[in-house]
Structure formats: C-alpha cells, structure tokens
Amino acid sequence: MKFRSYMSEAMKEAHAAAERGEVPVGAVIVSPSGDIIARAGNRTRELSDPTAHAEVLAIRDACAQIGSERLVGHDLYVTLEPCPMCASVISFARISRLYYGASDPKSGGVEVGPRIYSHKQCHHTPEVYDGIDAKAAEDLLRDFFAAKR
C-alpha cells in the first residue's frame, strides 16, 4: 500500500486556527479506510478550555462518530509535536499511527520533554513518524508568534 500524507489537511486546520487568533495547530484523524473522519484546530481561547487542543478535539469528534472511546487502526496527523497531555490522550484512544510536522522543543511530549511513550506506565504506544512537512508547520508557527510581538 502506498503512503499518502494528510498533513496538508491538518495544515488547513492550523491556518484556520491562526485566523481565529489561536496558536496555529491543526489535526485530522484518518480511518483505516483512508477517510478523514475528524478535523480540528486549536480552540483553547475561543472555548476558554485549556484542553481544547487540536488533537483532543479531533479525537473527541472521531470517538463520537464511531461510538467508541478507542480509535484502533486510525491515524492522527498533527502539525506540531503533541504536548504531554495530548500524547497521553492519543495513547488512551489507542491511535495506531501518529504523524506530526514540527518538533516542539519547549512543550513537546513525544520526542522531547517527558517522552510519554517511553514510560512503562504507558499502556499503548502508537507508531510515530515525525518531520512530515515540518518546514511549513514551523514557518506558520514562527510567523504567527512574530506577528504577536
């Protein structure tokens, strides 16, 4: 089976988040059949909810759609390395594969920081693929924060 990246769809969500004044992070969930079943961008400010990260919102929507708290066989594409909270939610949801764009040396929870998936307390570790369209994600984040300063 040939690999198809859905990162461009996650980037659309990140751009929409930036337009709303949110940190530009976007996520999409892809079903085992290759269909996007959920998409989201950050909405922490809009919803006054510190848990309203793109990954969490997309996972909530996907779980509601399939009627299960587990997303076995599903892929998550997110433009930025998940934070520790999101990395944990990804594990709890049993996401099969995590694809992310930019690394997050300040707040990441996968490859930097607490490295959630390396702990023996972590019950499920997704396959992790990093650096997918990383430059585009990094540029969007850099431009967003430069405009804020």
Please name the pair of heavy atoms, one in [X] and one in [Y], separated by the smallest distance, quoted to 0.1 Å.
| X | Y | answer |
| --- | --- | --- |
| Val72 | Ser96 | C-OG, 3.8 Å |
| Arg115 | Ser118 | O-OG, 2.7 Å |
| Tyr6 | Gly34 | OH-O, 2.7 Å |
| Ala87 | Gly109 | CB-O, 4.2 Å |
| Pro32 | Gly73 | CG-O, 3.4 Å |

Is any side-chain heavy atom of [X] closer than 4.5 Å to a side-chain heavy atom of [Y]?
| X | Y | value |
| --- | --- | --- |
| Pro24 | Leu141 | yes |
| Leu76 | Glu55 | yes |
| Ile37 | His74 | yes |
| Arg97 | Pro126 | no |
| Ser103 | Glu111 | no |
| Val110 | Leu98 | yes |

Practice problem: Using the ring pair (Phe, Tyr, Trp, His ring centres under 6.0 Å) rule, collect all pairs that involve residues 117-141, keeping only residues at least two apart or in two chains. | Solution: Tyr99-Tyr129

Please report the interatomic distance [atom1]([X]) to [atom2]([Y]), rounded to the nearest 0.5 Å.
| X | Y | atom1 | atom2 | value |
| --- | --- | --- | --- | --- |
| Phe3 | Ile132 | CZ | CD1 | 5.0 Å |
| Met11 | Tyr77 | CE | OH | 15.0 Å |
| Ser8 | Asp133 | OG | CG | 7.5 Å |
| Ile90 | Ile95 | CD1 | CD1 | 7.0 Å |
| Arg20 | Thr44 | CZ | OG1 | 10.0 Å |
| Glu81 | Cys86 | CD | SG | 11.0 Å |

Do [X] and [Y] share a hydrophobic cluster, counting only Ile, Leu, Val, Met, Phe, Trp and Tyr and linking them when any side-chain heavy atoms are less than 4.5 Å apart?
| X | Y | result |
| --- | --- | --- |
| Phe145 | Val25 | yes |
| Val128 | Val28 | no |
| Val30 | Tyr100 | no |

Quiz item: Quick one: which of Val78, Ile66, Ile59, Ile36 gives a side chain to side chain contact (heavy atoms under 4.5 Å, CB included) with Ile29?
Solution: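 Only match with Ile29 under side chain to side chain contact (heavy atoms under 4.5 Å, CB included): Ile59.
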
Quiz item: Do you know which of Met7, Lys12, Glu138, His15 makes side chain to side chain contact (heavy atoms under 4.5 Å, CB included) with Thr79?
Solution: Met7

Quiz item: Taking only residues two or more places apart in sequence, or in another chain, which ones meet Ser48 in a side chain to side chain contact (heavy atoms under 4.5 Å, CB included)?
Solution: none

Practice problem: For Ala40, enumerate each residue passing the side chain to side chain contact (heavy atoms under 4.5 Å, CB included) test, keeping only those at least two apart in sequence or located in another chain. | Solution: Leu57, Ala58

Quiz item: Hey, does the side chain of Asn42 reach the backbone of Val23 with a donor-acceptor pair shorter than 3.5 angstrom?
Solution: yes

Quiz prompt | Check: Ser68/Arg94 side-chain N/O donor and acceptor closer than 3.5 Å | solution =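 Side-chain D/A pair, Ser68 to Arg94: absent.
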
